[in-house]
Each structure stands twice: as C-alpha cells, then as structure tokens.
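Notes follow the structure.
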Amino acid sequence: MSLDIARSIAVSSLMASQVQISVASSNVSNADTNGYTVKTANQVSTTSGGVGTGVAITGITSNVDKLLFKSLIAAESELGAADIDNNYLDRLQALYGSTTGADDTGTSIANTLASLEAAVSSLAATTGSASLQSSVVSALDDLASQLRETSDGIQELRSTADAAISSDVDQVNDGLKTIASLNAQIKQAAAAGQSTGDLEDQRNVALQSVATRMNVSYFISSTGDMQVYTASGQTLVDSSAHLLSFTAASSVTATSAYDPNSSSGLSGISVNGVDITSQITSGEIGALINLRDTVLPAAQSQLDQLANKLTESLNAASNQGTSLPPPSTLTGTTTVSSSTALDATGTVRIAVADQSGSLVSYGDLDLSNYSTIGDLVSAINGISGLSASINASGKVVITSSSSSNGIAINEMTSSVGADGTGLSDYLGLNDLVIGTGASNFAVRSDILANSGLLPVSTLDSSATLTTGGKVVTAGSTDVVDAIYATLTDSRTFNASGGLGSSTGSFADYAAEIISNVASKATSAATTYTSKTTIQSTFTSAMSSQSGVNLDEETAKISTLQNQYSAASQLIQAINEMFSSLLSAVQSVG
C-alpha cells in the first residue's frame, strides 16, 4: 500500500469520526428536545481500482417507524378528544349539584324538589299560615333559581367550547403553515445534499400538534412533501397550507345552534369555502363541536322538559284557586287577540269579592256561547264590578272596578281546546310560575314579592251564590293538595337528549337526569385514562425505537474519540514516514 493511500485512509477516518462525534454530541444535547429523533451518520467504505481508499459519510438520517408514527398520530387525536370530554363532562356534572351531602340533604335539583314537596306538604296541614305560604314560595324560588343557574351553566360551557374551537383553529392553522414552510426547507436542504432529519422532526411535531386538535390523514410524497388531509380527503397541506375558517360567537344561548345549511347561528369550520365540520370527528375540536352542538344541547333539552312540565302542571293546579284577599287585577300570560278562536265548552265562574272574601257580584259564563276571545272579553265586561281587555302585549287583563275588591275565578267545568284546559289556566290568569324553559323559569313576580298572593284558596262552586256571603275561604286544601299531587304523582316524560321516555315524579326525572350526566362523566373519565395509556404506549415505543439512548450515545462518543485519536496518530506516523523518505531521497541526490 502506498503512503498516499494510507494517508487518504487515515484522513477519511479522521473526518468521518469528526462528523460522527458531532452527530452523537447533538443527539446527547437534544435528548430532551420534544420530537427529536436519534440521528445516525451513515458511513461507507470507498475504493479505487479495487483498492480500499478509506471511508465516507453518505448522509445523516433518522430512523422513524412510519406505521408506529401513524398510530401515534391517531392516538394523539383520540387523547385530545378524551381530554376535552373528561374536562367538560366533569364540569357539567358539577352544575347539577350533589345528590347527598354531609347531612344527607344534597344540593341537586332532585333534592331541591324534595324540599319543595316537604314545604307544600306542611302547608296542606294549615293552608292559611302566612309563614308556611312563604316557605313554599321560597322553596319554589330556590328551585327556579337552580334551574336557571344550571341552564346558564350549560350555555356558559357551550360558549367556552365555542371559544376553545376558535383558539384550536388558530393553533391548527399555525401547524399547517409550519408544515408547509418545513416542506419547502426540506426540499431545499435535500437538493443541496444537506441533512433533513432535524427539519423532519420539526415537521412531525407540527403534525402532532395538528392531530391533537383534529383527526387528519397524511402521507409523504416522492418529493419529500408531507401532504395533510381531513378524514374525508379535504386538502389541508399540499404545495401550500389551506387554512381553516371559523367565527367565534359573541354569545351563546339555549336557542343558539349550528346549521350547516344556514349562515346564521353558530359557526361551522370551513376550508376553501367548503364546510368540513362533520369531517372533524376526533381531536379537541371534534370533541368541542360534539359538546357544543350535541351533548350540551341534549342536557339543556332534558332540563327544559323538566321546567316546562313543571310550569304546565303547577299552573294547572294554581289556576284552580285564588288568593285571599283576592287580587284586584288578573293579567294572563297567554298571548291572544280579540279574533283568536275560542274552542271551549262548559262553565267558568268569575266573581268580585271584598278583602274578607265576601261576594260582591259574580257571573257564570257558558263558554260554548263565545267563538272568539273578543266575545269572552265582552262577556266578562258584562259582570258587574269588572272590566276586561286585551293589553298591548296580547294578554287578557281583568280588573276590579273598586280597588278595595278583588277577582276570584273557579274554572268549574270549563274546557278549552283538545286538551280540555280550564279557562283560567288557558289564559294564565292565576299562574304560579312563568317561563318557556329552564333558562327563564321563575315564580310569578308579584307572588315572589308577596307570598300572600299564593292562590291556595278557592271560590265557592255552589249552584248559586249570595251577595255578602263568604265565597272565598282560606281553609280549603284543594289547591295545595293539587300542587302536592303535581309534584309527587307519576307522569310520563318524553324521550329527550339521549334519555328514553320514562314514568315517575319530577324528583324521579331530575334524579334520572343527574344519573345520566354522572354516567357520561364516569365514562369520559374511563376513556381518558384508557386513551392516555394508549398514547403513552405509542410515545414510549417511538422513544425506544427512535429516541436518544444517552448511555449508547455516550459510549459511542468515547469509541469515536478513540478512533479519532488512532487516526491522528496514524497520520502523524505517515507524515514521519514521508519525512524520512524525503530525507533519504535528498541524501541520495
């Protein structure tokens, strides 16, 4: 072997060792860098004319298992969704209160209903007790407040989810832009013969960030580009990034909804003008969309059914009665007009009574004689001491001509519409509660301000009444018993929000709602634990296969340093041999 070849071999070994030491040192220093994969300087032997001339570094590469990485990407999306579900469902469960407490009372809606039942039961024993009437109104107001607060909490969660979607969309767009930028850098580096491993690591990290927020598919093209798509194939990254579009709502209420066929309402997510909301089924965004548009509205619908059936039932009971003293004005809650058809039969009694409940005047109206609400109003005006009208809001108002007198109604045999609703209940003249759902369920404001207006007395239903006679008394239990039966009797609740139809009391249905939410929260927590384990398993496998092993890299550096030292000594020996040879040649000359 010539000295030139020997020196070439030694120099190539020295240079290869330098590169390998540099790569190994970089591996060690980046061991804790997120997404970093171990790099290897690929070394090959070189020959010339069949004679070995040394070694060369052909490139610096990282070895990432493509199938394992795809599994990790899918696991990131599933964990992102599970994390969101676990967080939001735990918060939703907290809104409903606990079913038991330190004193076994609990703070749930079911417990509050039980407290109302107890207050009404106590009033039934002494219906004329002002303090017990106040307790019933207070307990009912507690229930109303809890329904409103729970509804508000549900809508606040929806609003939070909507804002989180907006934030996640921004993060996804940042990730897509990063991937597109790194695609260009990788192609440029590859064309220049430079290592692309670190750039590919950064691109993989960006893809993981996107996948955490939404489920995607991807592949690496023959040119080295990473191309990213939605689950249904909508392009997110090709030669450039195609950004998501989303508009956060200024406010979210129980009536707010997303409609893919309408530009109004809550926003969907689009790319290049195409709505891809339904394509995002996993990741944080997938879970947030499902919560905002399905899970939380389902909870609201269950709560609304509870509130609406309470409103319907309590008002049906309260409209059977009146307060003592009777109120001087009754204002309905049903919107009507003078031309509204009145499909009614039977008789209703409307009386004027003084503060002690003694009769001033009355009229028994045969409803089959009136075809419209206007006809009914005219008939009421025909009763001495009363005036009736329809106000600007479309509500029937009946007023006593004298402020010292009041108005009492007995629905008698009145039957309005196919449901056979009593006239007072139909018009809402003695409603106990108001509202169109849980969000605005409330005790009627005048009753809340003055519990003495609680309509727990009844107007005498005798065939005829005598002027001056006592026709409204405080001792009747009919209305209170009706209210108690309303709360405790079994009734049918329709299927709503994922709950099937059921039969039971209001407290039973409230308990069923709470149990349903608790079950979902438990399931979400279990799923989160499972998805965390799966993601951790794939992450560990990736780290084992592609991560930095500090012990191996440290040992490798030590070996390479010895190789470097040996190559240096070999070069020094060859240089000395060259010097000796040169001296010998010069001495011969």
**Message:** Using the side chain to side chain contact (heavy atoms under 4.5 Å, CB included) criterion, which residues pair with Asp489? Sequence neighbours excluded.
**Reply:**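 Partners of Asp489 by the side chain to side chain contact (heavy atoms under 4.5 Å, CB included) criterion, ordered by chain and then number, come out as Ala485.
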
Would you say [Y] and [X] are linked by a side-chain donor-acceptor pair, where the criterion is simply a distance under 3.5 Å?
| X | Y | value |
| --- | --- | --- |
| Gln302 | Tyr509 | no |
| Lys395 | Thr335 | yes |
| Asp275 | Tyr258 | yes |
| Thr311 | Asn308 | no |
| Ser318 | Asn430 | no |
| Arg491 | Ser313 | yes |
| Ser256 | Thr253 | yes |
| Glu512 | Ser502 | yes |
| Arg148 | Asn440 | no |
| Thr503 | Ser490 | no |
| Gln185 | Ser181 | yes |
| Glu200 | Thr196 | yes |
| Gln300 | Gln155 | yes |
| Asn215 | Ser282 | no |

Keeping [X] on the side-chain end and [Y] on the backbone end, is there a donor-acceptor pair under 3.5 Å?
| X | Y | result |
| --- | --- | --- |
| Thr334 | Tyr426 | yes |
| Gln305 | Asn494 | yes |
| Ser115 | Asn111 | yes |
| Asn173 | Leu244 | yes |
| Ser505 | Asp508 | yes |
| Asp83 | Tyr528 | no |
| Thr277 | Ile269 | yes |
| Ser71 | Leu67 | yes |
| Ser209 | Val205 | no |
| Ser536 | Thr532 | no |

Looking at [atom1] of [X] and [atom2] of [Y], how far apart are the two atoms once the value is rounded to the nearest 0.5 Å?
| X | Y | atom1 | atom2 | result |
| --- | --- | --- | --- | --- |
| Glu284 | Ile280 | CD | CD1 | 12.0 Å |
| Asp168 | Ile289 | CG | CD1 | 10.0 Å |
| Leu291 | Arg158 | CG | CZ | 10.5 Å |
| Asn86 | Lys531 | CG | NZ | 13.5 Å |
| Ile186 | Ile220 | CD1 | CD1 | 7.5 Å |
| Gln279 | Thr230 | CD | OG1 | 3.5 Å |

Validation row: [X], [Y] side chains within 4.5 angstrom (heavy atoms):
| X | Y | result |
| --- | --- | --- |
| His242 | Val237 | no |
| Tyr229 | Val216 | no |
| Ile483 | Leu314 | yes |
| Asp85 | Val295 | no |
| Thr160 | Tyr88 | yes |
| Leu303 | Ile109 | yes |

**Asked** Does a salt bridge link Asp431 with Arg444, judged by any charged N lying under 4.0 Å from a carboxylate O?
**Response**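 Arg444 and Asp431: not salt-bridged.
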
**Atom of Leu132, atom of Ser122 and distance for their closest heavy-atom approach** =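 Looking at all heavy atoms of both residues, the shortest contact is CD1-O, 3.6 Å.
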
**Item:** From CA spacing to verdict: side chain to side chain donor-acceptor pair (under 3.5 Å), Thr112, Gln146
**Value:** CA-CA 8 Å; Thr112 307; Gln146 189 167 15; 2.4 Å; yes

**Prompt:** Passes side chain to side chain donor-acceptor pair (under 3.5 Å), Asp238 versus Thr235? Steps please.
**Reply:** CA-CA 7 Å; Asp238 47 20; Thr235 303; 4.7 Å; no

**Residue pairs fulfilling side-chain hydrogen bond (donor to acceptor under 3.5 Å, both in side chains) with at least one residue in residues 514-526, sequence neighbours excluded** =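 The answer is none; no pair qualifies.
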
**Request:** Quick one: sort the Phe493 and Phe506 rings into parallel, tilted or perpendicular, breaks at 30° and 60°.
**Result:**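 Geometry flag for Phe506 against Phe493: perpendicular rings.
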
**Message:** Would Val271 and Leu243 count as a side chain to side chain contact (heavy atoms under 4.5 Å, CB included) here? Give the steps.
**Reply:** CA-CA 6 Å; Val271 174; Leu243 304 183; over 6 Å; no

**Message:** Taking the cut-offs as 6.0 angstrom to the six-membered ring centre and 45 degrees off its axis, would you call Lys70 and Tyr218 a cation-pi pair?
**Reply:**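 Yes - Lys70 lies over the ring of Tyr218, closer than 6.0 Å to its centre and within 45° of its axis.
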
**Request:** Tell me, with the steps shown, if Ser301 and Ser496 meet side chain to side chain donor-acceptor pair (under 3.5 Å).
**Result:** CA-CA 6 Å; Ser301 69; Ser496 178; 3.0 Å; yes

